[in-house]
Amino acid sequence: MRIRLLAVAALSLALTGCSGGEGSSGGQAKYASTSDLVAALKAHGVECPEFTQVSPSGHSAGHGSCARDSNPFLGLDVYKSTADRDAEVKATADALKTASISYCIVYADLWSVNATGSLAECQAVKNGLGGTVMQG
């Protein structure tokens, strides 16, 4: 369980994507912070009962997580560039693969959202905000 929580934390830190994103209409949505990304997710029916903003790390310009009963299930990241986003998405995916944890990541423009163990969570994000889904 500790490895899973560490991996979720690492993934969350790697993939908090709120600086901008592609909306489901194909247009560009800009998020000034992970708080703005959470608001957009909630507006599209994606739950985030316990939101925590944390200091960014790695390539992320902003990071946060969503939890249920203190159990993190979504990591949110925003970036200054798509190169930063790509590097952080890769690092997160590699860390989760190494830990043998199932994951999915939705990313677009300057944001990303990751989840462990549930493709349904990522599909809900994609349905609401658009983006590309990566899973492993």
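A quick note: this is a predicted structure, and the numbers were derived from the prediction, not measured. Keep in mind that the numbers below use all heavy atoms, side chains included, and drop hydrogens, waters and symmetry copies.
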Visitor: Hey, what do you get for CG (Leu41) to CD (Glu121), rounding to the nearest 0.5 Å?
Guide: 10.5 Å

Visitor: Any heavy-atom pair between the side chains of Asn114 and Leu74 that's under 4.5 Å?
Guide: no

Visitor: Just to verify, what does Glu47 make a salt bridge (Lys or Arg N to Asp or Glu O under 4.0 Å) with, not counting sequence neighbours?
Guide: Arg68

Visitor: Looking at Lys90 and Asp86, does any basic side-chain N land under 4.0 Å from a carboxylate oxygen?
Guide: no

Visitor: Side-chain contact, heavy-atom cut-off 4.5 Å: Tyr107 with Val113?
Guide: no

Visitor: Does any part of the side chain of Thr82, heavy atoms only, come nearer than 4.5 Å to the side chain of Leu110, both counted from C-beta?
Guide: yes

Visitor: Which heavy-atom pair separates Lys42 from Cys48 by the least distance, and what is that distance?
Guide: CE-O, 3.4 Å

Visitor: Do Leu119 and Val133 have side chains that approach each other closer than 4.5 Å (heavy atoms only, starting at C-beta)?
Guide: yes

Visitor: State, to 0.1 Å, how close Ala108 and Gly131 come at their nearest heavy-atom pair, and which atoms those are.
Guide: CB-CA, 3.8 Å

Visitor: Please check: side-chain N/O of Thr98 versus main-chain N/O of Asp94, any donor-acceptor pairing under 3.5 Å?
Guide: yes

Visitor: Do Cys66 and Glu50 come within less than 4.5 Å of each other through their side chains, counting heavy atoms only?
Guide: no

Visitor: Do you know which two heavy atoms are closest between Phe51 and Ser35, and how far apart they sit?
Guide: CE2-OG, 3.6 Å

Visitor: So, Arg85 side chain and Asp109 main chain: donor-acceptor pair closer than 3.5 Å or not?
Guide: yes

Visitor: Do you know the tightest heavy-atom contact between Ser70 and Pro72?
Guide: O-CD, 3.4 Å

Visitor: Any sub-3.5 Å donor-acceptor pair from His59's side-chain atoms to Asp84's backbone N or O?
Guide: no

Visitor: Is there side-chain contact between Phe73 and Pro49, with at least one heavy-atom pair below 4.5 Å?
Guide: yes

Visitor: Do Val89 and Met134 make a side-chain contact, defined as non-hydrogen atoms from C-beta onward lying under 4.5 Å apart?
Guide: yes

Visitor: Can you name the nearest heavy-atom pair linking Cys122 to Ile105, along with the distance?
Guide: SG-N, 3.7 Å

Visitor: Listed by chain and number, what are the side-chain hydrogen bond (donor to acceptor under 3.5 Å, both in side chains) partners of Gln123, not counting sequence neighbours?
Guide: Asn127

Visitor: Testing the basics here: between Gly64 and Thr34, what is the closest heavy-atom pair and its distance to 0.1 Å?
Guide: N-CG2, 3.9 Å

